[in-house]
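Right, one structure below, let's go through it.
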2 protein chains.
Amino acid sequence: MTAGNADVFAALASPVRRELTALLLRGPRSVNDLASHFEMSRPSVSEHLRVLRDAGLVSEERSGRRRLYRLEAEPLMEVSRWLSPYERFWRDRLAGLRELLDEEDGDDHEH
Amino acid sequence: MTAGNADVFAALASPVRRELTALLLRGPRSVNDLASHFEMSRPSVSEHLRVLRDAGLVSEERSGRRRLYRLEAEPLMEVSRWLSPYERFWRDRLAGLRELLDEEDGDDHEH
DNA sequence: TTGACACGTAGGAAATCTCCTACCTATTGT
DNA sequence: ACAATAGGTAGGAGATTTCCTACGTGTCAA
């Protein structure tokens, strides 16, 4: 029961929390370690970690007087599964664009 | 300059807005069409569309007195790019797990 | 045992989000 | 021209987020 109820997208909506997950990608870290990368107070970082934990994105392991936070894969896989129909969508879009560029030599393209 | 400044993750944080993008995956739709799928008032849907637009996730095309909203691929590709290092991460996790299951026949597994 | 350390929680202020009901403009059909 | 349609905007209420400073608890080291 590691809890994975709360909204993963909402958890990832905060840049701070995305930064936290990026740090945890390199391996488990303690709260102070994580907090040292931010201007924010340590308790605020703790609160962000709580949100990530409620979304199941991280788990904590008590190790002495420290707690190691560890990234969990499942919710991220969920995001990936959510994304996949859109992936198909943009592949079609790009295929269409490429087709158009191949047959015409138009010169009125943005980007 | 279709605008893509605002935070894509924040835009996708709302279930309503994810539902809107899902609807738009099937093709461009007018605001009333979209709004008919929700309990919410039409102006509220308009506001959600504005958030999606600010994130570049949708664009609008004026067609007579209606406006067709259309899903845009780029911000979703951005999400996919953000996700890819994590994809590698969970592949490693799953590989490690499989390895472990192959060599041991342990019986003390959660989940 | 006692002080220092690591961390969570409480409570609150300020900002932001989400929804509403008016209300306004633009376009279409008659 | 006029009524109906489509949809954006204003302003505001209530909920939620995000940050802070205290403060409490558990653990280690001397």
Side-chain angles (χ1 to χ4, degrees), chain A residues 1-3 5-24 27-72 75, chain B residues 1-3 5-24 27-72 75:
Chain A
M1 237 181 240
T2 354
N5 325 334
D7 194 328
V8 180
F9 289 91
L12 294 174
S14 150
V16 173
R17 289 195 290 270
R18 287 200 300 278
E19 183 73 20
L20 281 168
T21 65
L23 287 168
L24 289 172
R29 287 171 191 278
S30 70
V31 178
N32 270 329
D33 186 345
L34 291 166
S36 70
H37 293 281
F38 298 88
E39 304 280 300
M40 216 179 319
S41 76
R42 184 197 45 75
S44 294
V45 172
S46 258
E47 278 165 358
H48 281 296
L49 286 169
R50 189 198 206 328
V51 174
L52 290 173
R53 220 171 75 106
D54 287 350
L57 278 160
V58 305
S59 60
E60 76 170 30
E61 179 195 345
R62 258 155 269 231
S63 166
R65 61 182 150 181
R66 300 187 308 155
R67 309 192 185 191
L68 294 184
Y69 279 83
R70 180 188 313 275
L71 193 60
E72 292 294 333
Chain B
M1 241 181 234
T2 355
N5 324 331
D7 194 329
V8 180
F9 289 90
L12 294 173
S14 151
V16 174
R17 288 194 292 270
R18 287 201 299 279
E19 182 74 20
L20 282 169
T21 63
L23 287 168
L24 290 172
R29 288 171 191 279
S30 70
V31 177
N32 271 329
D33 186 344
L34 291 166
S36 71
H37 293 280
F38 297 89
E39 303 281 299
M40 216 180 320
S41 75
R42 183 196 47 75
S44 295
V45 172
S46 259
E47 277 164 1
H48 282 296
L49 287 169
R50 189 200 208 320
V51 174
L52 290 172
R53 219 171 74 109
D54 287 349
L57 277 160
V58 306
S59 60
E60 75 169 32
E61 179 196 345
R62 257 153 270 230
S63 166
R65 60 184 150 180
R66 299 188 308 154
R67 306 189 187 194
L68 294 184
Y69 279 83
R70 179 188 312 275
L71 192 61
E72 291 293 332

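Chain identifiers are assigned alphabetically (A, B, ...) following the order of the sequence lines, protein sequences preceding nucleic acid strands; residue numbering begins at 1 within each chain.
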Query raised in the report: What is the distance from CG of A:Asp54 to C1' of D:dT16, rounded to the nearest Å?
Result: 14 Å
Query raised in the report: Which comes earlier along DNA chain D counting from the 5' end, the contact point of A:Val45 or that of B:Ser30, where each point is its nearest nucleotide?
Result: B:Ser30
**Report entry** Phosphate-side-chain proximity, B:Asn32 and D:dG7, N/O vs OP1/OP2 below 4.0 Å
**Finding:** yes
Query raised in the report: Looking at CZ of B:Arg50 and OG of B:Ser46, how far apart are the two atoms once the value is rounded to the nearest 0.5 Å?
Result: 10.0 Å
**Report entry** Approximate separation, where rounding is to 0.5 Å, of B:Glu60 CD and B:Leu49 CG
**Finding:** 9.0 Å
Report summary line: Rounded to whole Å, CG of A:Asp7 lies from P of C:dT18 at a distance of 11 Å
Requested in this report: Look up atom CG in A:Leu24 and atom CZ in A:Arg29, then write down how far apart they are to the nearest 0.5 Å.
Outcome: 7.5 Å
Query raised in the report: Starting at CZ of A:Arg17 and ending at C1' of D:dC19, how long is that distance when rounded to a whole Å?
Result: 12 Å
Report task. Whole angstrom is fine here: how far is it from CD in B:Glu60 over to P in C:dA26? Result -> 14 Å
Report summary line: In whole angstroms, the gap separating P of D:dC23 from CD of A:Glu47 amounts to 17 Å
Query raised in the report: Is any side-chain nitrogen or oxygen of A:Tyr69 closer than 4.0 Å to OP1 or OP2 of C:dA6?
Result: no
Query raised in the report: Taking CE from A:Met40 and P from D:dT21, how many angstroms apart are they, rounded to a whole number?
Result: 13 Å
Query raised in the report: Between B:Ala10 and A:Asp33, which is nearer to the 5' end of DNA chain C once each is assigned its nearest nucleotide?
Result: A:Asp33
Query raised in the report: Can you check the A:Leu52 CG to D:dT17 P distance for me, whole Å?
Result: 13 Å
Report task. Without swapping roles, check the side chain of B:Arg17 against the backbone of B:Ala11 for a donor-acceptor pair under 3.5 Å. Result -> yes
Report task. Kindly determine whether B:Leu12 and A:Leu12 satisfy side-chain contact (heavy atoms from CB on, under 4.5 Å), including the steps that lead there. Result -> CA-CA 9 Å; B:Leu12 294 173; A:Leu12 294 174; over 6 Å; no
Query raised in the report: Between CZ of B:Arg53 and CD of B:Glu47, what distance do you get to the nearest 0.5 Å?
Result: 13.5 Å
**Report entry** Heavy-atom side-chain proximity of A:Ser14 to A:His48 below 4.5 angstrom
**Finding:** yes
Report task. Check every atom of D:dA22, D:dC19, D:dG7 against the side chain of B:Arg66 and return the nucleotide holding the closest atom. Result -> D:dG7
Report task. Quick one: pull up CG in A:Leu52 and CD in A:Glu72 and give me the separation to the nearest 0.5 Å. Result -> 11.5 Å
Report summary line: Assign each of B:Leu49 and A:Val51 the nucleotide of DNA chain D bearing its closest heavy atom; nearer the 5' end lies the nucleotide of B:Leu49
Requested in this report: Could you tell me whether A:Arg62 contacts a base, only the sugar-phosphate backbone, or nothing, with contacts defined as non-hydrogen atoms closer than 4.0 Å?
Outcome: nothing
Query raised in the report: Which listed nucleotide (C:dC19, D:dG8, D:dC19) is nearest to the side chain of B:His48?
Result: C:dC19
Requested in this report: Please determine if a side-chain N or O atom of B:Ser44 lies less than 4.0 Å away from the OP1 or OP2 oxygen of C:dT18.
Outcome: no
Query raised in the report: Would you call A:Leu23 and A:Asp33 a side-chain contact if the rule is heavy atoms closer than 4.5 Å?
Result: no
Please produce a list of atom pairs where a protein N or O lies less than 3.5 Å from an N or O of nucleotides 27-29 of chain D.
none

Report task. Please round to 10 degrees the angle between the axis of the first five pairs and the axis of the last five pairs in the helix from C:dT1-D:dA30 to C:dT30-D:dA1. Result -> 30°
Query - Chi angles and distances behind the side-chain contact (heavy atoms from CB on, under 4.5 Å) call for A:Glu19, A:Phe38 - result: CA-CA 9 Å; A:Glu19 183 73 20; A:Phe38 298 88; 3.5 Å; yes
**Report entry** From C:dT9, C:dT21, D:dG7, nucleotide with atom closest to A:Pro43 side chain
**Finding:** C:dT9
Query raised in the report: Whole Å only: how far is the CD atom of B:Glu39 from the P atom of C:dC19?
Result: 12 Å
Query raised in the report: Are any of A:Arg42's side-chain N or O atoms less than 4.0 Å away from OP1 or OP2 of D:dT21?
Result: no
